[in-house]
There are 2 protein chains.
Amino acid sequence: MTATAPRTFPRKRASNGTARRTDADEIGLDALVGHAGYAVRRFQIWIFQDFIKTLGDVDIRPTQYSVLTVIGANPGLSQMAVAKRLGIERARLVHLLDSLEQRKLVKRVKSKADRRSHALHLTIQGETALAKFKRLAAEHERHVEAKIGKENRAQLLKILAGFT
Amino acid sequence: MTATAPRTFPRKRASNGTARRTDADEIGLDALVGHAGYAVRRFQIWIFQDFIKTLGDVDIRPTQYSVLTVIGANPGLSQMAVAKRLGIERARLVHLLDSLEQRKLVKRVKSKADRRSHALHLTIQGETALAKFKRLAAEHERHVEAKIGKENRAQLLKILAGFT
DNA sequence: GAAAGATTGTTGTTGACGACAACAATTGCC
DNA sequence: GGCAATTGTTGTCGTCAACAACAATCTTTC
């Protein structure tokens, strides 16, 4: 655009007299402080990033973990039931299960009772893998405790119990 | 509709007589209960949906609201500073500001001190609009109180204050 | 004072994710 | 038997985070 590029300017030191306020600490949030949604959002981002990192070696994301956990605790569920329970779109669950089935962690068994639906089960490797995932998830949960405090985490779980 | 699915009262029963466990209430979550991330995620989805619905008439989403709030409280900030403060990618902020600028709520002023950066300001309409947004956001916050309880919300804000 | 490196805004891509819509196969209902 | 509803699937669209590359500009360093 502006092809003229004579940059020989007298030194305008922006960092001398006028504070530039580029540091996050100095910037006020005004009304944002006191908004539950903002705090929850930031916390959720942090917690997911820690979960993803902690379970990075096994390459399991939070949603995948929740699917495996529910299937593990309730073998034979249909995709619709899992989707409803976890608040996932059934269209989305298709891809999630495709991935998990490809990794031999889950298998779709054609249901005898309802030939439209699939009964979801963990494979043998899925069971042992989930056990490992749970250990790593527990480690992640300890990170949360370390971040906000043990009793704060317990308090939080109690407050939000109605949403699980 | 996702998180707090309305209960289906009549127990569904397959033709063969075995309970089908399609209702969410009957499905256990096993290890998922006790995971802070899961509860926080579900709560965050609920809270954002209520925010979007409550500010639906003015068509303002949570992220847009946070950007407007920070600019309103700190006029003249650069895009980089806003992005850092809110934990948004600067690439993402470009589109957000494009939209807000198109709606005449925000203006990008070429900075004198640093010709690379833009000083962000609310327009006059932006100021009055933000005032209205804040009233609606306060209404949303009352919804949160009604959902989890007044002192629970306060407790939550205290616990998560470090993430803002 | 000029070269080298860092920063700012921008554009683009990728992938996870939610919301919808349409479809075939199957089931339930009347 | 016929018709509406359900289940899994495929596809599209839009939001959002994470990167990468780039031009313009600033800062640092020699």
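When reading the values below, keep in mind they use all heavy atoms of this one structure, side chains included, and skip hydrogens, waters and symmetry mates. A note on names: the letters A, B, ... follow the listed sequences, proteins ahead of strands, and every chain is numbered from 1.
- Rounded to whole angstrom, the span from the CD atom of Gln44(A) across to the P atom of dC17(C) amounts to 11 Å.
- For the OP1/OP2 pair of dA18(D) and a distance below 4.0 Å, the side-chain nitrogens and oxygens of Gln49(A) include at least one atom meeting the criterion.
- Residues Gln49(B) and Ile45(B) meet the side-chain proximity criterion, which asks for heavy atoms closer than 4.5 Å.
- For DNA chain C, the neighbouring residues in residues 90-102 of chain B, judged by any heavy atom under 4.0 Å, are Arg90(B), Ala91(B), Val94(B).
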- [ ] Test side-chain contact (heavy atoms from CB on, under 4.5 Å) on Thr54(B) and His143(B) and set out the steps.
- [x] CA-CA 9 Å; Thr54(B) 305; His143(B) 297 169; 3.4 Å; yes
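- Scanning atom types as modelled, one donor and one acceptor separated by under 3.5 angstrom connect the side chain of Arg116(B) and the base of dT7(C).
- At least one side-chain heavy atom of Arg108(A) sits less than 4.5 Å from a side-chain heavy atom of Gln79(A).
- Leu77(A) has its CG atom 12 Å from the P atom of dT7(D), to the nearest Å.
- The 5' end of DNA chain D is approached more closely, in terms of each residue's nearest nucleotide, by His118(A) than by the other of His118(A) and Ile45(A).
- Protein atom CZ of Phe48(B) is 8 Å distant from nucleotide atom P of dC16(D), rounded to whole Å.
- Here dC17(C) presents its P atom at 14 Å from OH of Tyr38(B), a figure rounded to the nearest Å.
- Rounding to whole angstrom units, CH2 of residue Trp46(B) and C1' of dG18(C) are separated by 18 Å.
- When each of Leu122(B), Leu130(B), Leu86(B), Asn74(B) is tested with Thr69(B) by the rule side-chain contact (heavy atoms from CB on, under 4.5 Å), just one qualifies, namely Leu130(B).
- In this entry the distance linking CZ of Phe51(B) with C1' of dT15(D) reads 15 Å, nearest Å.
- No donor-acceptor contact under 3.5 angstrom links the side chains of Arg61(B) and Tyr65(B), judged on distance only.
- If you measure from atom CD1 of Ile88(B) to atom P of dA18(D), you get 12 Å, rounded to the nearest angstrom.
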- [ ] Take Val106(A) and Thr123(A) through the side-chain contact (heavy atoms from CB on, under 4.5 Å) test and state the conclusion after the steps.
- [x] CA-CA 5 Å; Val106(A) 168; Thr123(A) 63; 5.8 Å; no
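- Residue Ile52(A) contributes atom CD1, which lies 12 Å from atom C1' of dG15(C) at whole-angstrom precision.
- Checking dC17(C), dT7(D), dC19(D) against every side-chain atom of Glu89(B), the shortest atom distance belongs to dC19(D).
- When heavy atoms are screened at a 4.0 angstrom cut-off, Gln64(A) is found touching no nucleic acid atom at all.
- Between Ser117(A) and Arg61(B), the residue anchored closer to the 5' end of DNA chain D is Ser117(A), taking for each the nucleotide with the nearest heavy atom.
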Open item on the list: Evaluate Leu156(B) against Phe43(B) for side-chain contact (heavy atoms from CB on, under 4.5 Å), listing each step before the verdict.
Closed with: CA-CA 12 Å; Leu156(B) 203 107; Phe43(B) 179 54; 3.9 Å; yes
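- Using a 4.0 Å cut-off, no side-chain N or O of Arg115(A) falls inside it from OP1 or OP2 of dA25(C).
- A sub-4.0 Å separation between OP1 or OP2 of dG8(D) and a side-chain N or O of Arg108(A) is absent.
- Heavy atoms of Gln79(A) sit under 4.0 angstrom from primed sugar atoms or phosphate atoms, though from no base atom.
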